[in-house]
Amino acid sequence: MKGDSYDNCPAWLCSDECTFTKLFSFPNKEKALEQFIYNWGYISNELQRMIMLENDDKVFTVRDTLYLCEKLGIPFVFDLHHHFANHEEEEDWRKEWDRIVNTWKYSPLPMKMHISSPKSDKEFRAHHDFVDAQLFLSFLHEIKGTVEQLDCMIEAKQKDEALFHLVSNLRSFPEIEWIDGASFLIR
C-alpha cells in the first residue's frame with residue numbers, strides 16, 4: 001500500500017470494515033482477552049478504525065466482547081443467534097443493549113448486527129437456509145427507539161434468496177413501514 005491508497009490492497013483488507021468473531025483459541029478465555037488487548041497496540045490506527053468485534057457462538061459471549069469493545073473503543077456487531085448459542089446462564093442481551101449501542105458512538109458508520117436462525121434444535125449453532133421473520137421482528141420490537149438506524153447483515157445458507165424470503169415474510173406485518181425494497185421502519 002502506498003500512503004492511504006488502497007490500489008494494491010486485497011479486497012478483504014481494504015473494505016471499510018472487518019468484523020472479527022473468533023478472536024483466539026487459547027484454553028483460557030481471560031488470557032485470550034488480555035492477549036487481544038496487548039496485541040491491539042501493534043495494529044495501525046488505520047486498521048484499528050476498520051475493525052469491529054462480534055460475539056461468537058462458542059467462546060466469547062456478549063459480556064466478553066463488550067469488555068474488549070469498551071476498553072479499546074471498538075464497535076460491537078451484535079449477533080442474536082450467537083448469543084442464544086453462547087451465553088452465561090444469567091446473561092441477558094437486553095441488560096447489555098445500551099452498552100452495545102454505546103460502542104458505536106465514535107463510529108462514522110451506522111450500527112450493525114448479524115441476524116440468523118438456527119438450522120435445527122440438534123444443529124443449533126449452524127445457520128438455517130433462511131431467517132425466522134417472527135424472531136427478527138420480536139428482536140426489533142425489543143430495541144425499537146434505541147437506535148436511529150440498524151444495518152442488519154443476514155447470515156443464512158441461501159444468501160440473497162434469504163433476504164428476498166425475509167422481506168416477503170416481513171411484508172405481512174402491519175407495523176412495518178417500508179422505505180424501499182430492503183429498508184423499513186417499525187411503527
Side-chain angles (χ1 to χ4, degrees), residues 10 12-128 131-132 135-136 138-140 142-143 146-147 149-157 159 162:
W12 65 268
L13 181 60
C14 295
S15 71
D16 290 346
E17 60 191 66
C18 182
T19 305
F20 290 112
T21 303
K22 305 288 188 247
L23 301 175
F24 293 96
S25 58
F26 283 96
N28 179 313
K29 183 167 53 170
E30 288 72 27
K31 171 83 171 142
L33 293 169
E34 294 309 316
Q35 189 65 47
F36 185 93
I37 292 167
Y38 177 79
N39 290 336
W40 186 252
Y42 291 106
I43 299 172
S44 72
N45 288 339
E46 182 179 40
L47 288 178
Q48 285 182 3
R49 285 189 297 274
M50 294 179 188
I51 294 173
M52 301 171 194
L53 298 180
E54 175 186 3
N55 55 306
D56 73 53
D57 61 332
K58 293 183 180 175
V59 179
F60 297 98
T61 66
V62 165
R63 285 192 188 138
D64 299 329
T65 309
L66 266 173
Y67 171 74
L68 291 176
C69 290
E70 290 174 336
K71 190 166 187 78
L72 300 172
I74 303 171
F76 185 144
V77 177
F78 177 65
D79 190 306
L80 184 63
H81 176 203
H82 287 178
H83 173 71
F84 290 149
N86 176 35
H87 61 276
E88 302 295 328
E89 194 170 314
E90 76 288 347
E91 189 174 25
D92 182 352
W93 68 265
R94 292 166 198 85
K95 293 178 183 172
E96 310 297 350
W97 183 250
D98 288 340
R99 291 175 61 202
I100 294 168
V101 171
N102 199 42
T103 66
W104 288 87
K105 68 183 172 189
Y106 298 116
S107 176
L109 302 171
M111 185 175 176
K112 300 180 184 320
M113 74 165 291
H114 291 167
I115 187 70
S116 58
S117 298
K119 184 173 184 175
S120 66
D121 287 341
K122 186 176 179 182
E123 296 179 89
F124 192 83
R125 286 185 168 92
H127 291 146
H128 195 283
V131 173
D132 179 336
L135 174 69
F136 183 44
S138 294
F139 169 78
L140 293 175
E142 296 244 21
I143 65 157
T146 62
V147 292
Q149 177 178 337
L150 179 63
D151 290 359
C152 301
M153 274 80 56
I154 294 173
E155 295 181 333
K157 296 296 181 190
K159 308 292 181 203

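None of the values given here were measured: they were computed from a predicted structure.
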Novice: Does anything in residues 103-112 form a side-chain hydrogen bond (donor to acceptor under 3.5 Å, both in side chains)? List the pairs, not counting sequence neighbours.
Specialist: K112-D151
Novice: For the residue pair V62 and H83, what are the closest heavy atoms and their distance?
Specialist: CG2-ND1, 3.5 Å
Novice: Testing H127, E155, H82, H81 for side chain to side chain donor-acceptor pair (under 3.5 Å) with H114, which one passes?
Specialist: E155
Novice: Is a side-chain N or O of N55 found less than 3.5 angstrom from the main chain of D79, in a donor-acceptor match?
Specialist: yes
Novice: Taking atom CD1 of I115 and atom CG of L140, what is their separation to the nearest 0.5 Å?
Specialist: 7.5 Å
Novice: Can you tell me how far the CD atom of E34 sits from the CG atom of L68, to the nearest 0.5 Å?
Specialist: 8.0 Å
Novice: For P75 versus I51, what's the shortest heavy-atom pair and its separation?
Specialist: CD-O, 3.7 Å
Novice: Considering only heavy atoms from C-beta outward, does the side chain of N39 approach that of Y42 to under 4.5 Å?
Specialist: yes
Novice: Has the side chain of T61 got a donor or acceptor atom that lies under 3.5 Å from a matching backbone atom of E88?
Specialist: no
Novice: Counting C-beta onward and ignoring hydrogens, is there a side-chain heavy-atom pair between F36 and I74 closer than 4.5 Å?
Specialist: yes
Novice: Roughly how far apart are E91 CD and D64 CG, rounded to 0.5 Å?
Specialist: 7.5 Å
Novice: How far apart are the closest heavy atoms of C69 and L53, and which atoms are they?
Specialist: SG-CB, 3.9 Å
Novice: Does a sphere of radius 6.0 Å around CD in E89 hold more than 12 heavy atoms from other residues, nucleotides or ligands, not counting ones at 6.0 Å or beyond?
Specialist: no
Novice: Atom OG in S117, atom CZ in F124: separation rounded to 0.5 Å?
Specialist: 9.0 Å
Novice: Applying the salt bridge (Lys or Arg N to Asp or Glu O under 4.0 Å) criterion to R63, which one of E30, E70, E96 satisfies it?
Specialist: E96
Novice: For L109 and M52, work out which heavy atoms get closest and say how close.
Specialist: CD1-CE, 3.5 Å
Novice: Under the ring-ring contact (aromatic ring centres under 6.0 Å, His included) test against W93, which residue among F139, F76, F84 passes?
Specialist: F139
Novice: Please round to the nearest 0.5 Å and tell me the distance separating atom OG1 of T65 and atom CG of D56.
Specialist: 6.5 Å
Novice: Give a yes or no on this: more than 12 heavy atoms of other residues, nucleotides or ligands lie within 6.0 Å of atom NZ of K29.
Specialist: yes
Novice: Please name the pair of heavy atoms, one in M113 and one in V77, separated by the smallest distance, quoted to 0.1 Å.
Specialist: CA-CG1, 3.8 Å
Novice: Within a strict 4.5 Å, meaning less than it, do heavy atoms of the K58 and N86 side chains meet?
Specialist: no
Novice: Flag the pair I154 / F136 as yes when at least one side-chain heavy-atom distance between them is below 4.5 Å, and no otherwise.
Specialist: no
Novice: Rounded to the nearest 0.5 Å, how far does OG of S116 lie from CZ of R125?
Specialist: 12.5 Å
